[in-house]
Every structure is written in C-alpha cells, then in structure tokens.
*Asks:* 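Questions regarding the structure given below will be posed in turn.
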Amino acid sequence: MQPNDNKTHWHHGQGHWAHIPPAQWNNWTWQYRHRITTPAQAQTHLTLTPEEHAGCQQAPTRLALAITPHYFNLIDPNDPHCPIRRQIIPRIEETHTTPDEHTDPIGEETTTPIPGLVHRYPDRVLLLLTSNCAAYCRYCTRSRLVSNAQAYNFQPQHQAALHYIRTHSQIRDVLLSGGDPLLLTEHTLDTLLTQLRAIPHIEIIRIGTRIPVFMPQRITPALCATLRKHGPIWMNIHVNHPRECTLELDHALKQLTQADVHLGNQSVLLRGVNDDLPTLRSLLHRLLMMRVRPYYLYACDKVKGTAHLRVPIEKGIELIHQLRGHTTGQAIPQYVIDAPGGGGKIPINPDYIDHWTLTGPILRNYQGKTYPYTNT
Ligand SMILES: *Cc1c(COP(=O)(O)O)cnc(C)c1O
C-alpha cells in the first residue's frame, strides 16, 4: 500500500510487539511503560543511522527520547527517510543552531503571569498542565520545559492558575495543553473541568493533545465519560502524516465524537514529512474521513536545533494555493506563523486580490483567471 492511498487506513496492529497479549497491548499504561527511551531499545527494531545515533546521545540534555510502541510501529525500519522517523528519532542536526532560534521561540515566558498560564490574547488563556507527553516530537515548541531534559523544573500551579482565571472575567476560553493533558488521571481532569465549568465567564474549554496519535489506547470509556460530563469540549489533535491515520486512531476519534468532543487538527509543516502536495492532501482528506476538521497548519517554530525540519514560508503558501479550489474547502487548514517574540498567530494566505481599481478589487480565482468585483 502506498502511504498516499486514501482508501484504506494503515493498520499496524502489534507489529514488533506481536507476542504481547492484546489485553496488555490495548492498555495505555502498558504502552506508556514500554516506551522506547534509549538508542539501544530502538536498535532492537531498526538500524539507527550515524546521524540518529549521535542525536540520541545528546537527547537527554535537549528533549528526551520517548516513543510509544504504537507509534514506533508506524516507522518503516527500512527507510532512513521515513516521515514518522523524522518526527520522533533525534538527529545530530538538533545540536546545530542558528542565531534566530530560541528556547522560547514564540515568547510565551513574556506573557506568563502564573507558572503554566500563558495569557497572550485578551479573552483566552493557554493552561499548561504538565510537562510530560506520551512521546516527544523533535520540533517541540516547548522543548525548553517538556520532558525536563533542560532542567527547567516546570511546576504548574493549577490552583493559582484557576484563581487567576476566576478573577479575570475577560477570559472566556481556556485551552488545556502542556505537555499532554490527557496524561492526567480522570480524577484530576474531572476536578479541573468541574472547577473551570463553575466559573461563570468561561464559555469554551479546549484541549490540545497528541495522545490519540501516540497512544490511542488512552481514549478509554472512563476518559470519554469524564469529558462528556463537562462537554462540549473542543479538542485539537496533532496529526502530521497520513500514515498516522491508523484504525486505532479512527476508533479513538469515534469514541471522542460520541462523548461530545468536537475535533480539529493542528499540523506542523515539516521538511521531509508532509511538505509535498500528495502527502499533505492525503492527510487532510483522511482527517475529514475520521471526523476531524483541519484547523491550523503551522510553520515550524524557530526552536533551537530544528532548521533541518523547517520549510520556507513561500513553499507553505504554494501548498495552500494548490489545495484551494482543488479539494473540499473544509479540508483546508489556515496556514499560520506563531510570530517570534510573542506576537501570536498570524494567518498566511495566497493572494487572491490581483490589484485594486477605483471601483473595487480585481480578484484571481484558483485557476489564475481574473474577475473584477465592483463595490457599488
Ligand atoms: C494558540 C494560542 C491560543 C489559541 O489561539 P486560537 O487562535 O484561538 O486557537 C491562545 N493562547 C495562546 C498563548 C496560544 O498560543
């Protein structure tokens, strides 16, 4: 099967772990406890290249190596350029930094009144609940604190953050993130969601998570019941490549949908992962087929040691241009740059206004044909 084949979901099942009883494989705590965290463990299933081997040696001081068995199975062990591999296995290029790269690339620290609470926009806040994830994306925006490899010693203060939200009535939208908030227990999530729902000015609760991709086993009936109790919840997942659209993910998303969770996706445009039209289009189509509305496509933040994964902005614009008009409108995400220095998300679009006349714009359609529109 080709990775761009739209008709069938990839199904890897137990792969390298075929000998594990399904009851254990399907238990998320088993997945979490059996993560690949050392180069030696990775080498039992594939041959690391010299660049990867050297990358793994430095990972403990930059961003930990951790890959769930479910996600590891998506790697093609015979392809050194595998797009799953590029996202998750450290490379020596992570030690190469350019002057415009930062540990805090989007200036979150400048708008953090309470540890873990980022208040950049007037009416909504980002609440970082934990520094742990099921697996670590090598381009992580928050690699400064996530996995604690850089000794940041993140200490989220949930109650202080809730107090801040309670006492700032302009906040109407809370976005739970981290780290991955779905690593918290149902009990902790239930307590937090109960407290948030008790605040009269909170209208919207959102969750940002990559758990359904890394560890779909975490989407248990108990978790779904907790989320449903506090619904509607808006959830953005993070899928970057069509191969991540497994039957297991599809099943998890169906459970979430039935629990009053409304699904969007945030992808990062990454060199050698999803920066070609057939791959990106296939990803977006599969997301819709799995009930997920593509939300943002991010330019990769300028995190230290990620130049090898970044894509020129003009390439991203060209990809959006090649999608618009050629596929389902709902499949097309908004391409954004989260501005360095804390400016927030800035939408980047192809230009559909050719030029202006005194009576209005001359528009250009998806085929490049021009059409005048008069304001009168
Ligand atoms: C991305 C982000 C949000 C949410 O932005 P939306 O455009 O509303 O999805 C809120 N706060 C911070 C700090 C963010 O980075």
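Every number for a ligand or one of its atoms is a count from 1 in the order of the listing. Bear in mind the structure is a predicted one, so any value in this text is a computation, not a measurement.
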*Asks:* Would you check ligand 1 and list the protein residues that come within less than 4.0 Å of it by any heavy atom, ordered by chain and number?
*Replies:* V118, R120, Y121, R124, L126, L175, R206, Y295, Y296, K345
*Asks:* Using the side chain to side chain contact (heavy atoms under 4.5 Å, CB included) definition, which of the options I207, I205, L176, L192 pairs with L127?
*Replies:* L176
*Asks:* Please identify each residue that fulfils salt bridge (Lys or Arg N to Asp or Glu O under 4.0 Å) with R138, with sequence neighbours left out.
*Replies:* E94
*Asks:* Can the ring centroids of W17 and H45 be said to lie less than 6.0 angstrom from one another?
*Replies:* yes
*Asks:* Under the side chain to side chain donor-acceptor pair (under 3.5 Å) test, which residues partner D79, sequence neighbours left out?
*Replies:* none
*Asks:* On the 0 to 90° scale, with breaks at 30° and 60°, tag the Y152-F154 ring pair as parallel, tilted or perpendicular.
*Replies:* tilted
*Asks:* Does anything in residues 152-170 form a salt bridge (charged side-chain N to carboxylate O under 4.0 Å, His left out)? List the pairs, not counting sequence neighbours.
*Replies:* none
